[in-house]
Engineer: 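A single structure is presented below for examination.
Quick note on labels: first sequence line is chain A, next is B, and so on, each numbered from 1. All of these numbers come straight from a predicted model, not from anything done at the bench.
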Amino acid sequence: MHWADYTAQTLKERGDIHVCASGITPSGEFHIGHIREILSAEMIHRACLDLGLESKYIFIVDSMDPLRRVYDFLSSDYEKYIGVPLAFIPAPDENGNPTQGDLNYAEYFLKPFLLSLEKIGVKPEVVMNHEVYEQGKFAEKIDIAINKKNEIKTIIENISGRELPVDWFPYSPIGSNGSMDGVEVINYEKPYVYWIDENGVEGKSDINKAEGKLPWRIDWAARWAIHGITSEPAGKDHGSAGGSYDTGIPICKLLGGEPPSKMVYEWIQIKGMGPMSSSKGVTIGPVEALELVPPEILRYSIARSKVNRHIDFDTGNTLFEMADEYERILSEASKKIEGELSRRQEIARKTNNGALRLSQINRGDDPKNSWAGVSFRHLALLAQIKSEDSEVWESLRKSGHLEKSPTTALEERLERMRSWINGPHFPEDSKIEIQKVISEKAKQNITEEQKNFLIKLKNRLEKCEWDDNSINNQIRNTAKEVEITIKDAFVAIYWLLIDKNNGPRIVSIISELERIEVVDLFETISNTEN
RNA sequence: GGGCCUGUAGCUUAGUCAGGUAGAGCGACGGGCUUUUAACCCGUCGGCCGCGGGUUCGAAUCCCGUCAGGCCCGCCA
């Protein structure tokens with residue numbers, strides 16, 4: 001059974017109404033790791049619906065979280081905003097300077113991310129956390145937290161093993177300069193928290209407004225209660241013993257809520273580069289990813305892995321494998337079952353089908369409609385030697401991959417394939433560049449005998465039938481005639497045509513090219529000294 | 001120091017929650033397509049399931065121990 005279905009089944013025991021949630025702090029560019037946060041919850045949500053439960057999916061944006069420090073992509077002008085909630089800070093421009101517009105910092109980073117989510121079919125109910133504070137929905141929980149300050153302190157200290165300062169207070173008010181840093185609480189009289197900030201200014205914060213916030217560990221527990229969250233997968237940073245999930249559970253109960261059961265997902269890493277980190281520039285943005293990877297396959301990359309396994313996000317060779325795996329599972333799903341399946345095969349099939357189902361952009365879409373019918377590898381090959389899409393379709397019809405017109409799924413694949421090929425992530429060894437003239441490297445690698453062969457071959461290619469069969473025959477016959485091995489003959493052609501000593505079946509490539517193009521290239525070899 | 005996760009074929013892994021003869025993909029190798037490498041098709045090889053103990057008629061699966069790798073433990077999610 002797929003992990004999302006399994007989770008949904010577990011949730012069913014708890015009740016019939018569910019709220020699945022994700023929470024992310026918009027402190028910088030969103031990256032592919034955040035997609036896992038989102039999709040883990042969203043897939044559970046879909047699985048709940050598929051199980052006949054009532055469910056909604058909310059995406060809580062931690063817009064009330066303060067700016068921690070001046071990140072590398074920000075100018076030093078942001079110094080003054082440290083400690084200020086992200087919703088109350090102006091968005092940066094492309095140079096990292098604060099802008100004058102209406103857009104705040106949180107929205108600035110959120111907006112493009114939401115667009116990407118739309119493309120992968122995620123339609124969350126977006127909750128801006130600072131608005132929840134503004135609406136006074138946190139007030140009751142803040143009041144309880146302050147009244148039960150010592151109990152909460154004990155929970156945090158016992159479970160996390162961390163010692164809190166003597167003047168610790170379960171609410172951080174915003175001081176006179178807008179920052180929560182260095183503000184000391186001096187009194188609480190519902191609904192006001194009285195404080196003195198680092199400039200010596202005194203003031204009060206109304207807990208019914210966004211004039212301060214709960215510290216993270218309590219904030220999280222409080223929102224479970226406020227929104228009635230029943231499922232919130234969290235990154236493994238929260239999952240370790242004594243982490244915020246562990247303290248959140250008893251705190252949530254203390255605040256009168258029923259916490260979700262703990263679920264921890266592993267992180268996505270970029271292959272060979274360790275964990276995703278905005279500050280180190282080790283990121284692939286969802287926007288960038290979606291330019292390369294079809295949306296259902298991006299979803300599949302999350303759906304196929306169990307939550308507790310880390311994912312190596314790799315835009316190189318493994319992308320070929322993953323995309324082809326998607327196609328394969330898809331075609332297996334529609335195959336008729338022959339004979340009895342063993343229990344294990346049954347499980348595998350169910351899991352795969354679950355992954356396919358949850359990978360669809362729109363819930364309920366038939367996975368079969370996303371079938372492209374061509375492997376990524378083959379498409380990559382064609383996309384590189386055919387500049388016009390129509391030529392690609394023509395070739396696919398010839399090879400029997402395509403009957404009539406390409407499906408939308410296939411058209412979109414080709415479009416992304418082209419941006420993948422032209423971008424920096426396409427694997428070097430999969431690149432095929434048809435040469436216009438013989439390269440220096442090729443000259444050095446081609447012997448005198450091979451050169452003779454190529455010149456002879458050119459003459460024949462000028463007039464032979466232009467199909468795989470006769471081109472191949474010309475090559476073999478010519479090789480025989482000049483007495484070089486078939487292998488040497490092909491190696492020479494590879495060097496001339498693609499500047500490498502091997503590659504895909506070269507005859508097929510030649511026949512896909514225009515005769516004139518090939519002959520012109522062959523022409524350039526006769527002018528070389530060896 | 002505390003804890004989490006992972007360890008199954010060369011590589012990526014399924015199967016572990018519900019114990020019942022170890023599955024798949026890729027790669028490699030071989031073959032087919034009058035063709036030779038990365039399009040298509042078929043086949044073969046390949047696993048003391050990290051190691052040691054225990055429970056059981058039976059363990060990859062449960063229990064204990066052990067080793068190895070990855071990761072988390074600041075109001076950073």
Engineer: Choose from B/C75, B/A38, B/A77 the nucleotide whose nearest atom is closest to any side-chain atom of A/I432.
Structural biologist: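 Closest nucleotide among those given: B/A38.
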Engineer: Want to settle it: does A/R304 or A/N473 sit nearer the 5' end of RNA chain B, counting the closest nucleotide to each?
Structural biologist: A/R304
Engineer: Can you measure from CZ (A/R223) to CD1 (A/I60) and round to the nearest 0.5 angstrom?
Structural biologist: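 Between A/R223 CZ and A/I60 CD1, I get 4.5 Å after rounding to 0.5 Å.
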Engineer: Between N or O atoms, less than 3.5 Å apart, protein on one side and nucleotides 1-8 of chain B on the other: list the pairs.
Structural biologist:
{"residue": "B/G3", "atom": "O2'", "partner": "A/A241", "partner atom": "N", "Å": "3.3"}
{"residue": "B/C5", "atom": "O3'", "partner": "A/N308", "partner atom": "ND2", "Å": "3.3"}
{"residue": "B/C5", "atom": "O2'", "partner": "A/N308", "partner atom": "O", "Å": "3.1"}
{"residue": "B/U6", "atom": "OP1", "partner": "A/N308", "partner atom": "ND2", "Å": "2.8"}

Engineer: Within a radius of less than 6.0 Å around CD of A/E465, do more than 12 heavy atoms belonging to other residues, nucleotides or ligands occur?
Structural biologist: no
Engineer: What's the closest nucleotide to the side chain of A/T25 if the choices are B/U37, B/C75, B/C76?
Structural biologist: B/C76
Engineer: Using OP1 and OP2 only, check whether a side-chain N or O of A/S375 sits under 4.0 Å from B/C40.
Structural biologist: yes
Engineer: Can you list the stems that include RNA chain B, where a stem is three or more consecutive Watson-Crick or G-U pairs with distances under 3.5 Å?
Structural biologist: B:1-7 with B:67-73, B:10-13 with B:23-26, B:28-32 with B:40-44, B:50-54 with B:62-66
Engineer: Quiz question: by atom type and distance under 3.5 Å, do the side chains of A/S22 and A/Y57 form a donor-acceptor pair?
Structural biologist: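 Yes, because at least one side-chain N or O of A/S22 sits under 3.5 Å from a partner of the opposite role on A/Y57.
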Engineer: Would you kindly give the CD1-to-P distance between A/I311 and B/U13, to the nearest whole Å?
Structural biologist: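 In whole Å, B/U13 P and A/I311 CD1 are 10 Å from each other.
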Engineer: Contact class for A/H238 vs. all strands (heavy atom < 4.0 Å): base, sugar-phosphate, or nothing?
Structural biologist: base
Engineer: Classify the nucleic acid contact of A/D219 as base, sugar-phosphate or nothing, counting any heavy atom under 4.0 Å across all strands shown.
Structural biologist: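 The residue A/D219 makes no contact with any strand.
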Engineer: Using the salt bridge (charged side-chain N to carboxylate O under 4.0 Å, His left out) criterion, which residues pair with A/R36? Sequence neighbours excluded.
Structural biologist: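 Counting only residues at least two positions away or on another chain, A/R36 forms no salt bridge (charged side-chain N to carboxylate O under 4.0 Å, His left out).
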Engineer: Checking all strands, does A/R68 fall into the base, sugar-phosphate, or nothing category for heavy-atom contacts under 4.0 angstrom?
Structural biologist: sugar-phosphate
Engineer: For A/P66 and A/I509, take the nucleotide of RNA chain B holding the closest heavy atom to each; which residue's nucleotide lies nearer the 5' end?
Structural biologist: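 Its nearest nucleotide lies further toward 5', so the answer is A/I509.
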Engineer: For residues A/S375 and A/D324, is any side-chain donor paired with an opposing acceptor at under 3.5 Å?
Structural biologist: no
Engineer: Verify whether one side chain among A/H238 and A/S244 offers a donor that lies under 3.5 Å from an acceptor in the other.
Structural biologist: yes
Engineer: With a 6.0 Å cut-off on ring centres, are A/Y105 and A/Y108 close enough?
Structural biologist: no
Engineer: Can the ring centres of A/W224 and A/Y245 be said to be less than 6.0 Å apart?
Structural biologist: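 Yes.
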Engineer: Assert yes or no for the condition that the ring centre distance of A/F169 to A/Y171 is strictly below 6.0 Å.
Structural biologist: no
Engineer: Could you state the atom-to-atom distance from CG of A/L382 to P of B/C40 in whole Å?
Structural biologist: 11 Å
Engineer: Using whole Å, report how far CD1 of A/I142 lies from P of B/C75.
Structural biologist: 19 Å
Engineer: What is the separation between atom CZ on A/F59 and atom P on B/A77, rounded to the nearest whole Å?
Structural biologist: 13 Å
